[in-house]
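The structure appears right after this line, and notes come after that.
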Amino acid sequence: MTDVHSKSTRQKNMRAIKSKDTSIENQVSKELWRRGYRFRKNVKSLFGSPDIAIKKYKIVIFLDSCFWHGCELHANMPKNNQEFWFFKLKRNKERDEEVNNYYLNNGWHLMRVWEHDIRKSLILTVDSIVEFIEEAKKREEMKKYL
Ligand SMILES: [Zn+2]
């Protein structure tokens, strides 16, 4: 399979897809902030750079774009350069597994949210994130008494 895109076109496409990530991230963090939650965004110092993190309660939240994280409903393989994309996206999925295992094995609370859920209903998605945060907080508070 030959690549009909030049390298720069491909980079442009990748950036275009990436900028969508930023928009779902902004929507979610604005809504969480509005509801009074304080957290760090895009935390490079934590493994896998979680989109949202509250270290105090060992909470990490990843907002997964359907394309980059290989959602089974919406991840259409680009028509060009399929071999490149196949391995790229496969690697992303493996990386997600590694990240999940790391946090779960180290006693963190990890949540993954799909882009399509955010697009379907920001409010309902943030409701479930809030529920997750509250549950994690409770568990961390309980640890103090064990
Ligand atoms: Zn999807």
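We count ligands from 1, going down the list as the structure has it; atoms in each ligand are counted the same way.
- The side chain to side chain contact (heavy atoms under 4.5 Å, CB included) test with I61 is passed by exactly one of L110, D51, V113: V113.
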After noting the C-alpha distance and the side-chain angles of E134 and R139, does the key distance pass the salt bridge (charged side-chain N to carboxylate O under 4.0 Å, His left out) rule? CA-CA 9 Å; E134 290 305 323; R139 282 169 192 243; over 6 Å; no
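- The SG atom of C71 and the SG atom of C66 meet at the Zn ion (ligand 1) at an angle of about 120°, given to 10°.
- Remark: of the listed residues L32, L122, L63, V126, L122 is the sole one forming a side chain to side chain contact (heavy atoms under 4.5 Å, CB included) with Q27.
- Counting only distance, with no hydrogens or angles, the side chain of Y103 and the backbone of F47 share a donor-acceptor pair below 3.5 Å.
- Closest to the Zn ion (ligand 1) among the N, O or S atoms of H74 is ND1.
- Per residue H116, closest N, O or S atom to the Zn ion (ligand 1): atom name ND1.
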